[in-house]
Amino acid sequence: MSGGPIPRLRWVLRTLRTPRRPQSLTVLLLLAAGAGLLLWFAKHMDNYGENLALNLGTDIVGVVITVFVIGPLISRAQEGRVREHTRLDYEWFSAQVYGSTSNVKVLDTFSNLFGPQYSERLFRGIRSATAHGARVQILLLDPDSLAVILRGRELGEQGADIRRDILRNLRTLGQFARRLDDTPRQFLEVRLCSTSPGVTLYRWDERSLVSFLTVGRLSGEGVQLEVAVRSPLGAFVEQRFDELWQQSKPMERFTHLPVTLVDATDGRREFTCRFVYVDDSPYVAGHDLVSYMARHRLDQLSAFSENLTVPGAHELIVVDDESDLHQLLRQHFAEKYDASATAFVELRPAVLVTE
């Protein structure tokens, strides 16, 4: 007689839900061959047909009950289960990302996940996930937002360099995105939000790690709650992520400014420039833009960009390279891009002349 249908059928259920691997198929074939051999040896026993029919019928009934009744009940119970992690294990999370096939999400102020110690392992995971069609969404705080200042105050001494930490994350992510081919790059999105999320989210497929932004401690150092995405807590954090995502801006809008220069007598030219803000005024840097300006009369040029706070035409004002403003711009530029620039041009809103 069989050892009871439920243990065997739980194994069957797990097998049906698990992706097939070559070694799994080999084991399955060996088990099937062993079962066939055992049935062949038992064919001479009394009432062989009746015993075989009885056992097979019992197992089939058990399969139906397990798949359609017990399985869903176990799944719903697991969705509500919360597992605690004492801290955020970045290597462990990167391993989960590697096997993802549908969704990967990260929501945080900034993250050591993108630091030098863990980033390469994560990026290998992202390459694997995007190769399987997974969408990767990363949402960090805008370094120039008020929320960064407030979060820095909450962290105290640990928050002194929070803006620089975010900038380092963005540079690392930007470099990684440029190394990707077109196909995986379309599955990777990095955006910036200007509102504090209050929570952190590290999701892979249908599971996620959730934590809360606390005073005086980085989110990764606190307890992480591992929950199912469809659980009440998981659904709440997912909703928060989606709200912030809709209000966020692409990382490229923070790192590069599209500028169109219009010459009154010589048409127009498109540029994509690195830029910084000082006292709410935008300053762009770019050898090709400065070179273009040198070949044209400044009083004939106007600059336009949809990403500027003030719409319409802007004058181009070259910053004196011996001024204090120039030194300040170089400092801001180096902090933002970890690079140097020698020439800066202010985009100043044009003054309309009326009669």
Side-chain angles (χ1 to χ4, degrees), residues 87-88 90 93 97 103-119 122-123 126 135-177 188-203 208-222 224-225 236-257 274-278 280 282 307 309 331-338:
R87 61 180 180 84
L88 180 50
Y90 300 106
F93 176 74
V97 171
N103 283 284
V104 175
K105 293 182 179 180
V106 174
L107 168 63
D108 212 331
T109 305
F110 71 94
S111 179
N112 291 327
L113 184 65
F114 311 117
Q117 186 176 357
Y118 306 106
S119 59
L122 171 72
F123 293 154
I126 291 178
R135 183 186 183 190
V136 180
Q137 298 170 275
I138 299 171
L139 185 57
L140 304 176
L141 270 185
D142 186 332
D144 292 334
S145 65
L146 178 61
V148 168
I149 299 175
L150 297 177
R151 181 58 181 156
R153 292 175 180 173
E154 290 178 350
L155 291 173
E157 294 182 359
Q158 294 189 79
D161 294 329
I162 186 172
R163 184 176 186 274
R164 294 181 181 179
D165 289 329
I166 300 174
L167 292 174
R168 280 193 285 266
N169 280 181
L170 296 180
R171 288 196 295 268
T172 301
L173 288 166
Q175 293 167 2
F176 171 66
L188 172 64
E189 298 177 85
V190 182
R191 299 180 71 93
L192 303 172
C193 61
S194 57
T195 303
S196 176
V199 296
T200 64
L201 170 69
Y202 289 77
R203 173 181 172 179
S208 58
L209 293 176
V210 175
S211 184
F212 298 89
L213 299 181
T214 56
V215 176
R217 185 172 61 182
L218 297 174
S219 59
E221 298 174 353
Q224 309 292 311
L225 304 179
F236 169 78
V237 178
E238 279 288 312
Q239 181 180 0
R240 181 60 174 163
F241 180 94
D242 293 339
E243 291 171 352
L244 293 171
W245 187 264
Q246 294 298 323
Q247 301 170 6
S248 63
K249 66 181 180 183
M251 177 179 64
E252 291 74 17
R253 283 190 57 184
F254 176 79
T255 57
H256 292 84
L257 181 70
R274 292 180 170 184
F275 69 103
V276 293
Y277 272 88
V278 170
D280 295 328
N307 294 347
T309 305
Q331 293 174 10
H332 285 359
F333 190 89
E335 183 182 62
K336 183 174 182 178
Y337 296 102
D338 193 25

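Counting from 1, the numbers follow the sequence of the chain as shown. Given the structure is predicted, the values throughout are model-derived calculations rather than measurements.
- Side chains of N169 and L113 form no contact here, defined as non-hydrogen atoms less than 4.5 Å apart.
- Two residues are said to be in side-chain contact when any heavy atoms from C-beta on lie closer than 4.5 Å; F114 and I166 fail this criterion.
- Judged purely by distance below 3.5 Å, without hydrogens or angles, the side chains of D280 and T309 never pair a donor atom with an acceptor atom.
- Interatomic distance, CD1 of I149 versus CG of D144, reported as 9.0 Å (0.5 Å rounding).
- For R274, the salt bridge (charged side-chain N to carboxylate O under 4.0 Å, His left out) criterion is met by no residue, not counting sequence neighbours.
- Two residues are said to be in side-chain contact when any heavy atoms from C-beta on lie closer than 4.5 Å; Y90 and Q117 fail this criterion.
- Summarising the geometry, atom CG belonging to L139 is positioned 8.0 Å from atom CG belonging to L141; distances are rounded to the nearest 0.5 Å.
- Below 30°, between 30° and 60°, or above 60°: for F123 and F176 the angle between ring planes is below 30°, a parallel geometry.
- The closest side-chain heavy-atom distance from L209 to L88 is below 4.5 Å.
- One distance of note links CG of L146 with OG1 of T195; it measures 9.5 Å at 0.5 Å rounding.
- Residues passing the salt bridge (charged side-chain N to carboxylate O under 4.0 Å, His left out) test with K336, sequence neighbours excluded: none.
- Pairing each heavy atom of V97 with each of I126, the nearest pair is CG1-N, 3.9 Å.
- Distance check: T109 OG1 to E154 CD gives 8.5 Å after rounding to the nearest 0.5 Å.
- Atom-to-atom distance recorded for N112:CG and S219:OG is 8.5 Å, nearest 0.5 angstrom.
- Between A147 and S194 the shortest heavy-atom distance is CB-O, 3.5 Å.
- Note: F241 and W245 have parallel aromatic rings, judged against thresholds of 30 and 60 degrees for the angle between ring planes.
- E189 contributes no side-chain N or O that, together with a main-chain N or O of M251, makes up a donor-acceptor pair within less than 3.5 Å.
- In this structure, CZ on R191 lies 9.5 Å from CD on Q137, to the nearest 0.5 angstrom.
- Side-chain atoms of S196 and L213, non-hydrogen and from C-beta on, do get closer than 4.5 Å to each other.
- Side chains of T255 and R171 form no contact here, defined as non-hydrogen atoms less than 4.5 Å apart.
- Between L244 and C193, the shortest heavy-atom contact is O-CB, 4.3 Å.
- Few gaps surround OH on Y277; more than 12 heavy atoms of other groups in view lie less than 6.0 Å from it.
- Contact detail for P143 and R163: the closest heavy-atom pair is O-NE, 3.4 Å.
- Nearest heavy atoms, D142 versus V148: O-CG2, 3.0 Å.
- Panel note: side chain R240, backbone P197; a donor-acceptor pair is recorded below 3.5 Å.
- When each of S208, S111, S211 is checked for a side-chain hydrogen bond (donor to acceptor under 3.5 Å, both in side chains) with Y202, only S111 meets the rule.
- Remark: D242 engages K105 in a salt bridge, criterion side-chain N to carboxylate O under 4.0 Å.
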